[in-house]
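Before any comments, here is the structure.
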Amino acid sequence: MAAPLLPLSQQIPTGNPLYESYYKQVDPAYTGRVGASEAALFLKKSGLSDIILGKIWDLADPEGKGFLDKQGFYVALRLVACAQSGHEVTLSNLNLNMPPPKFHDTSSPLMVTPPSAEAHWAVRVEEKAKFDGIFESLLPINGLLSGDKVKPVLMNSKLPLDVLGRVWDLSDIDKDGHLDRDEFAVAMHLVYRALEKEPVPTVLPPSLIPPSKRKKTVFPGAVPVLPASPPPKDSLRSTPSHGSVSSLNSTGSLSPKHSIKQTQPTVNWVVPVADKMRFDEIFLKTDLDLDGFVSGQEVKEIFIHSGLNQNLLAHIWALADTRQTGKLSKDQFALAMYFIQQKVSKGIDPPQVLSPDMVPPSERGTPIPDSSSSLGSGEFTGVKELDDISQEIAQLQREKYSLEQDIREKEEAIRQKTNEVQELQNDLDRETSSLQELEAQKQDAQDRLDEMDQQKAKLRDMLNDVRQKCQDETQMISSLKTQIQSQESDLKSQEDDLNRAKSELNRLQQEETQLEQSIQAGKVQLETIIKSLKSTQDEINQARSKLAQLHESQQEAHRSLEQYDEVLDEAHGASLTNLADLSEGVSLTERGSFGTMVKVE
């Protein structure tokens with residue numbers, strides 16, 4: 001976890017209405033971050049010099065984050081109050097008793113891009129998170145996606161090719177043929193808006209330009225001088241405008257008298273390695289014609305963007321252009337950017353002459369023109385009178401530059417004193433207004449006191465009424481308790497009756513079960529009886545059948561006897577043989593009949 005910016009004894013307490021109102025102006029969305037652009041625009045209204053503001057920024061942002069949180073902004077406001085009150089700008093003076101800071105609507109040459117509502121990015125946080133996921137899924141190389149990788153994603157939208165082409169042109173802000181994470185988010189935002197039938201703009205609105213691509217407001221001590229993106233080549237090749245670096249180079253005669261100065265190769269360079277790498281990247285983006293040099297037109301936007309005055313920029317150019325070629329190599333450009341950064345961030349003026357450790361390594365060991373008279377010096381003609389006049393002009397220009405510096409310091413002192421007088425007048429007005437407010441508050445307090453006395457009497461009457469109601473409620477509660485006890489007794493009696501009824505019900509259910517078992521046994525016995533009855537009935541039917549057969553046999557026997565009798569009567573005279581035969585036949589017939597009856601039985 002990072003250490004706190006300030007000791008607890010030096011932290012500014014929150015809740016100050018004036019500080020809160022100032023903070024709301026620079027962070028209306030309450031994001032907890034105040035960027036360098038917003039802070040620069042606001043703090044410049046204090047009327048303090050750039051050097052003092054740079055020191056204030058360094059103290060408020062000791063970690064060099066490039067932005068201020070709420071506590072850091074409060075520290076900056078307190079330090080502004082220190083400077084306006086004539087105190088030294090140090091953290092030890094934060095707890096001094098001093099008037100609050102004052103800010104006025106004044107313009108500043110450093111405010112090249114005043115923040116507005118457009119400072120907020122139109123791509124919402126949740127959209128950005130989704131687009132970042134898509135970006136990572138496409139496997140970027142060094143944080144960049146080529147057109148071949150982005151093309152399938154754009155084509156999936158089914159938008160017309162001309163629309164997709166315009167989306168690509170708008171989102172490729174730095175025109176390097178690749179999209180970084182923020183540029184890809186812009187492209188996806190435009191595609192989604194186009195799918196919702198919103199027209200794709202012909203020019204990218206400022207609200208859609210990612211914060212990382214915007215031209216930052218230069219603020220002393222806040223951020224290094226970096227271009228948002230290289231300006232178009234055509235625009236930089238246009239006719240030099242009045243006061244540009246190119247015009248200074250041509251009309252100001254940056255070619256001084258020549259003198260040889262030997263440098264030792266073992267001396268280290270003042271430009272740090274990390275800064276050199278960053279400046280080299282800017283150089284590659286700015287060298288549009290890829291000739292290894294940048295002209296005044298190519299670096300004009302970058303130099304002017306620093307906010308430094310043109311005379312100082314011309315002096316820095318002359319120091320860096322050691323060969324007086326009118327162009328800067330990569331090392332010379334890095335040296336110029338180093339001088340600009342030192343002036344902007346720390347208030348350190350560039351030297352009049354390059355020291356040995358300032359000479360670029362690639363320039364050491366070879367004759368280098370002396371830059372001591374670079375600022376406003378004339379051309380070396382070889383004619384003594386002309387050279388003397390040229391030197392006098394150069395001396396006058398140096399004196400003019402020194403006087404201009406003194407005038408600026410005096411103006412700043414006058415402005416500071418004016419601010420102090422105005423602040424004292426404002427303090428007097430505030431104290432008068434505060435006194436009037438206190439008188440009004442006193443009268444208001446007396447009126448409220450009388451009103452509270454009346455409310456007290458009313459509350460006393462209400463309290464008596466409430467007490468009477470409490471007594472009535474107590475009596476009612478006692479009556480209800482008696483009723484509850486009576487009902488509980490009745491309920492207990494009913495519960496006993498219910499238990500007895502349940503016991504009787506259980507007994508009846510048991511008897512019912514026994515009866516069902518008896519009925520079931522009776523059904524079994526009845527079925528057995530029915531089966532026996534059926535069997536008996538069958539036997540009776542068989543006996544009846546046998547009896548009918550016996551009757552038939554008996555009748556047949558009677559008929560046979562009658563026939564026998566008839567035969568006997570008719571055959572008295574028959575022979576004994578026929579009688580014997582007849583007797584045998586009758587005998588056989590009877591035996592057959594009786595045999596049949598026996599079988600039936």
Open item on the list: Using the rule given for ring pair (Phe, Tyr, Trp, His ring centres under 6.0 Å), can you reason through Tyr192 versus Phe131, listing the C-alpha separation, both sets of side-chain angles and the distance that settles it, and then say yes or no?
Closed with: CA-CA 11 Å; Tyr192 275 74; Phe131 299 154; 5.6 Å; yes
Open item on the list: As a quick check of understanding, evaluate side-chain contact (heavy atoms from CB on, under 4.5 Å) for Phe103 and Leu43, giving each step before the final call.
Closed with: CA-CA 7 Å; Phe103 300 92; Leu43 296 180; 4.1 Å; yes
- [ ] Begin with the C-alpha distance, continue with both residues' side-chain angles, and end with the deciding distance and a verdict on side-chain contact (heavy atoms from CB on, under 4.5 Å) for Ser46 and Leu53.
- [x] CA-CA 9 Å; Ser46 65; Leu53 290 178; 3.9 Å; yes
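Remark: Lys70 is not positioned above the aromatic ring of Phe73, lacking an NZ or CZ atom under 6.0 angstrom from the ring centre and at most 45 degrees off the axis.
Distance check, rounded to the nearest 0.5 Å: CE of Met476 to NZ of Lys481 gives 14.0 Å.
For the pair Lys149 and Glu136, the salt-bridge criterion is not met [side-chain N within less than 4.0 Å of a carboxylate O]. Between Arg193 and Glu196 there is a salt bridge, with a side-chain nitrogen of the basic residue lying less than 4.0 Å from a carboxylate oxygen of the acidic one. Using a cut-off of 4.0 Å between Lys/Arg side-chain N and Asp/Glu carboxylate O, Lys492 and Glu495 are scored as not salt-bridged. Using a cutoff of 4.0 Å between basic side-chain nitrogens and carboxylate oxygens, Asp180 and Lys213 are scored as salt-bridged. Salt-bridge formation is not detected for the pair Lys469/Asp465: no Lys NZ or Arg NE/NH1/NH2 atom is positioned less than 4.0 Å from an Asp or Glu carboxylate oxygen.
A donor-acceptor contact shorter than 3.5 Å is absent between the side chain of Ser486 and the backbone of Gln483. Not one N or O on the side chain of Asp61 forms a donor-acceptor pair closer than 3.5 Å with the backbone of Leu68.
Using cut-offs of 30° and 60° for the angle between ring planes, the Tyr23 and Tyr74 rings count as perpendicular.
In the model, Gln443 has a side-chain atom that pairs as donor or acceptor with a side-chain atom of Asp447 under 3.5 Å. Remark: the Asn93 side chain and the Thr90 side chain contain an N/O donor-acceptor pair separated by less than 3.5 Å.
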